[in-house]
Amino acid sequence: MTTNLSPRIVISGSGIWTPSNIITNDELVESYNAYAEKFNSVHASDIAEGKIKEKPLSSARFIEKTSGIKARYVYAKEGILEIDRMRPKFPERKEEELSIQAEIGVFAARKAMAAASKTAADIDAVIVAGAYTQRAYPAIAIEIQNELGIVGFGFDMLVACSAATFGLHRAYDSLKSGSAKCVLAINPELNTPQVNFCDRDSHFIFGDVATAVIMERSETCTSSNSYEILSTKALTKFSNNIRTNFGHLSYVTDVDPFGWDKFFHQSGRIVFKEVSPMAARHIGEHLTSLGLKPGDIKRFWLHQANINMNNMVVKQLFGEEVDEKTIPTILDTYANTASAGSIIAFHLYNNDLKKGDIGVICSFGAGYSVGSLVLRKR
Ligand code: CO8
């Protein structure tokens, strides 16, 4: 854990790029159910003989009740709702063209730079942090750095749902140590290509988005809306309960590179039960280390995987439920956007805080991983 030694480090701007395509629960369930019914009819005899399992039907009501998700933004709607495809269709880009992830990252980055009143010349480090990058190298961060004309260094890092907070931790450490003077941290979360839209248990969970944050030393900050970072704290504990086996080794292990285990899969109920107390304990300990109590916190910008999970985390922290304003949700419109969720919540719900108000950004998910930052409005 790091504490508030000088120099002071601030978040001076954030930005978000939201895809223009929306898929509602009703649309998603209608196409999944048509797919499942066709599958069951085509495989009727194998199902009757017990050779394969019948595909169960999905329900929009179940999705909203158990997760809080009503719709999701997606990079490409085409393909997801086609029952003979069941995956998005993206155009292939040439090597000379800007890659898709770099492009959406740049959209969000430009907004964060404008919010922080920064030009490329002010920034000297770019961190791309997310659940996936579309290739191993060259790093998406270096491509974005080139596109924006930033002189310095850039790198990619993957920590699933905690990538954004862990990326901000790296930005904070770089600024504290002096290895960077202004960091652009970006989360270009393209999740729908890793969703198994044929799986009832997970077909509804994810959406696409890109978020970005500018972090710098307080003496260079000219933003009218900035937050001092009082402290950062990270924790990981290995678990197979949220996993993807997609990767470059599939080529040499002679397995189907797109088999079911190569997509996002999880034991959702177990994750819910194990990660909620882990996150509550983490936040509680972080606050205690700063001499703070949950009641001192004006806003919790929590990871957005499940509204019931967030209510549970806060109930465990406070010992009672708190009002929606204290824990804003964006799940209804964005669904789970992997690491970007807590940053979307921060971006959309921080303007009303007053000088001196304290807030907590906290993510939790695969790994397992939990990452938090305690912020004070300047
Ligand atoms: N429609 C109707 N019924 C359904 C559906 C559906 N779509 N899905 C499941 N059911 C059924 C189940 O089969 C089960 O039936 P039965 O009781 O007969 O066995 C019943 O409904 C209850 O199922 P669950 O116990 O699974 O339901 P839950 O109440 O637990 O809700 C959730 C399921 C919503 C998935 C919930 O468990 C949850 O949100 N858990 C937390 C998970 C979480 O936070 N995971 C983090 C994942 S994100 C992350 O770490 C980043 C990964 C990287 C990004 C990946 C991008 C692709």
Side-chain angles (χ1 to χ4, degrees), residues 17-48 51-92 100-101 104 131-132 134 189-210 242-246 256-269 271 304-308 329-338 340-341 344:
W17 172 80
T18 302
S20 53
N21 301 305
I22 296 171
I23 297 182
T24 64
N25 286 349
D26 283 337
E27 287 177 290
L28 194 69
V29 166
E30 189 186 330
S31 77
Y32 168 85
N33 284 350
Y35 154 81
E37 277 163 356
K38 183 175 175 187
F39 178 96
N40 293 340
S41 127
V42 169
H43 297 94
S45 55
D46 281 348
I47 291 169
K51 287 186 191 158
I52 55 173
K53 277 193 184 153
E54 188 180 33
K55 288 265 178 202
L57 297 187
S58 186
S59 141
R61 211 169 141 260
F62 168 90
I63 295 168
E64 187 176 338
K65 189 163 166 277
T66 52
S67 68
I69 297 167
K70 295 180 186 168
R72 69 283 297 138
Y73 292 97
V74 295
Y75 182 82
K77 191 165 177 173
E78 192 193 348
I80 294 177
L81 301 179
E82 292 167 24
I83 66 167
D84 293 321
R85 182 174 172 89
M86 300 298 276
R87 65 183 194 277
K89 187 163 177 49
F90 288 16
E92 172 75 347
I100 294 174
Q101 233 178 347
I104 66 171
Y132 303 94
Q134 67 178 82
E189 292 287 21
L190 278 183
N191 297 308
T192 51
Q194 252 282 297
V195 173
N196 181 355
F197 284 102
C198 300
D199 172 37
R200 177 181 78 152
D201 289 3
S202 60
H203 78 122
F204 60 89
I205 297 178
F206 294 99
D208 303 319
V209 77
I242 315 169
R243 189 166 171 127
T244 174
N245 292 320
F246 184 76
D256 176 2
F258 306 114
W260 74 268
D261 69 310
K262 305 300 183 291
F263 293 93
F264 164 88
H265 55 283
Q266 68 171 351
S267 302
R269 182 52 65 94
V271 172
Q304 303 282 319
N306 182 311
I307 191 151
N308 302 319
T329 183
I330 52 94
L331 273 161
D332 49 346
T333 48
Y334 281 88
N336 183 338
T337 52
I344 303 173

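Scanning for side chain to side chain donor-acceptor pair (under 3.5 Å) contacts around Asn33 gives an empty result, with sequence neighbours left out. Scored by the ring pair (Phe, Tyr, Trp, His ring centres under 6.0 Å) test, Phe206 finds Phe264 as partners (sequence neighbours excluded).
Annotation: Glu27, atom CD; neighbour count of heavy atoms from other residues, nucleotides and ligands within 6.0 Å is above 12.
In this pair, Phe62 and Phe204 present their aromatic rings perpendicular. The plane angle is above 60°, beyond the 30 to 60° band.
Aromatic pair Tyr334/Tyr73: centroids less than 6.0 angstrom apart. Checked against the 6.0 Å centroid criterion, the rings of His203 and Phe197 do not qualify as a close aromatic pair.
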Legend entry - Derivation of the side-chain hydrogen bond (donor to acceptor under 3.5 Å, both in side chains) call for Ser31 and Glu82: CA-CA 7 Å; Ser31 77; Glu82 292 167 24; over 6 Å; no

Inset, instruction - Decide yes or no on side-chain contact (heavy atoms from CB on, under 4.5 Å) for Ile63 and Ser58, but give the supporting numbers first. - result: CA-CA 8 Å; Ile63 295 168; Ser58 186; 3.9 Å; yes

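With rounding to the nearest 0.5 angstrom, the CD1 atom of Ile344 is 6.5 Å from the OG1 atom of Thr18. To the nearest 0.5 angstrom, Asn21 atom CG is 9.5 Å from Asp208 atom CG. Taking CG of Leu28 as the reference point, atom NZ of Lys77 lies at 10.0 Å (rounded to 0.5 Å). Within the model, atoms CZ of Phe263 and CZ of Arg243 stand 15.5 Å from one another, a figure rounded to the nearest 0.5 Å. Atom-to-atom distance recorded for Lys70:NZ and Thr24:OG1 is 12.0 Å, nearest 0.5 angstrom. Atoms CD1 and CD1, from Ile23 and Ile80 in turn, are 4.0 Å apart once rounded to the nearest 0.5 Å.
Between the side chain of Asn308 and the backbone N or O of Thr66 there is at least one donor-acceptor pair closer than 3.5 Å.
Salt bridge status for Glu78 with Arg85: absent, with no side-chain N to carboxylate O gap under 4.0 Å. A salt bridge links Lys38 with Asp84: the closest approach of a Lys/Arg side-chain nitrogen to an acidic carboxylate oxygen falls below 4.0 angstrom.
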